[in-house]
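So the structure is just underneath, and the comments pick up after that.
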2 protein chains.
Amino acid sequence: MMGEMTLSLRRLRAWLRLLRLVRGLENQLREFLRVDYNTTLPRFDVAAALYRHDGPLKMSDLSKQLLVSNGNATSVVDRLEKEGKAKRVPLKEDKRVVLVELTTEGREWFSEIAKSHEKQVNKIFSGLTDQDLDQLRDLIRIVEITNRITESVNDEKNA
Amino acid sequence: MMGEMTLSLRRLRAWLRLLRLVRGLENQLREFLRVDYNTTLPRFDVAAALYRHDGPLKMSDLSKQLLVSNGNATSVVDRLEKEGKAKRVPLKEDKRVVLVELTTEGREWFSEIAKSHEKQVNKIFSGLTDQDLDQLRDLIRIVEITNRITESVNDEKNA
DNA sequence: GCTTAAAATTTTAAGCTTGAAATAAATTTT
DNA sequence: AAAATTTATTTCAAGCTTAAAATTTTAAGC
């Protein structure tokens, strides 16, 4: 008994377990950001996307990058802007477009948290060796390819 | 170049990539539930927990199982109850406790969706073989152990 | 037995998130 | 060039989510 399991069911079980793991880890990181830095995951995520991008980012590219709706990006950027950590800048060539970037204060704030965040993540995944990370990368890649989830922001070609 | 990367940074990158993958897949499943069954992920998740549990489930065990707050469980159960898919039942021995279970309608509704949901998940992970799933299970287990995330609901011993 | 503390759930306020509708600007069609 | 379509963003309503406060009931200490 127990050897009898369809591949389909195994995949379902794996997904449920993965989902639960990721939620648990997200909860840990949410708690960490709240307690130690009085901020939230969405704000951190938006700041991270802005920090890592070279130059200001279009609202639409931001929401694509984070895989959230445009309305969501709007509301989180609103809050970061109120906190003085991000600012919107218009694009002269196309008045529909709104660009966002971190302010100097926002960059300093983020880079401070990011150091601590990396340590936290490193602790969470301290059980994974280089070889484990290779395996994980390969597994993720397989699923990404099956579902056409790409890493980069600029992929207009995908139509 | 590019060979130079600390283990800590590799772990961070892996986490960000995993998080993005899981979000993308959740978005797919959310869309599927919305379009094909006019329901939502949280309702499906609660129903799944109730369906899989043998007998009615305490509100607090439900939220522990799903790794969400008690208030969250309350609101989602409220909606399922309004839809006639779940119902609350009091526990005579302890009047503080509220148990929840699926109604007959709720069970039929869920089992219908669940079949289709499993097919959807199977498609999403169609690139993963049995061996891949073994690997994934091992990797998940390592991180679970590091972070003391257990699978079962009944673990009062964890104190 | 009374009081205090602990436990289970709900309520509340604030923020997050989605999907759809609205707005505004650019592009394409005629 | 006017009209129609497409694109970018915001607004909106509804639902999701959290953390903290409030409520109710049970258990523990005195």
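Chain naming here is simple, since letters A, B, ... match the order of the sequence lines and numbering starts at 1 in each. In this text, all values refer to a predicted model and were calculated from it rather than measured experimentally.
Under 4.0 angstrom from either OP1 or OP2 of dT9(C) there lies at least one side-chain N or O belonging to S60(B). Residue S75(B) places none of its side-chain N or O atoms closer than 4.0 Å to OP1 or OP2 of dG15(D). Close to dG15(C), at under 4.0 Å from its OP1 or OP2, lies no side-chain N or O of R34(A). Remark: K58(A) is not in phosphate contact with dT9(D), judged by side-chain N or O atoms under 4.0 Å from OP1 or OP2.
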**OP:** Could you check S75(B) against D78(B) for side-chain hydrogen bond (donor to acceptor under 3.5 Å, both in side chains), going step by step and ending with a plain yes or no?
**Re:** CA-CA 5 Å; S75(B) 73; D78(B) 281 351; over 6 Å; no
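Distances from the side chain of R88(A) to the nucleotides dT10(C), dA19(D), dT10(D) place dT10(D) closest. Counting only heavy atoms from C-beta on, K95(B) has its side chain closest to dT25(D) among dT18(D), dT25(D), dG19(C). Nearest nucleotide to the D94(B) side chain, out of dT26(D), dT17(D), dG15(C): dT26(D). Considering only the side chain of P42(B), dC16(D) comes nearest among dT10(D), dC16(D), dT11(C). Distances were taken from every side-chain heavy atom of V97(B) (C-beta onward) to each of dT17(D), dT11(C), dA8(C); the shortest belongs to dA8(C).
Residues N70(B) and L67(A) each lie close to DNA chain C; by heavy-atom proximity, the contact nearer the 5' end of the strand is made by N70(B). Place K92(B) and G71(A) on DNA chain D by their nearest nucleotides, and G71(A) ends up nearer the 5' end.
Counting to the nearest Å, the P atom of dT24(D) and the CE atom of M59(B) are 17 Å from each other. Note: CG (L62(A)) to P (dT10(D)) measures 10 Å, nearest angstrom. What separates CG of L91(B) from C1' of dT24(D) is a distance of 15 Å, to the nearest Å.
Across A49(A) and L66(A), no two heavy atoms sit closer than the pair CB-CD2, 4.2 Å. Minimum heavy-atom separation, L133(B) to A14(A): CD2-CB, 3.8 Å.
Base pairing analysis places dG29(D) opposite dC2(C); the two distances defining the Watson-Crick or G-U wobble pair are each below 3.5 Å.
Interface remark: the R96(B) side chain does not form any donor-acceptor pair with the dT9(C) base, using a distance-only criterion of under 3.5 Å.
Note on R43(A): only backbone sugar-phosphate atoms sit closer than 4.0 angstrom, heavy atoms only; bases stay farther off.
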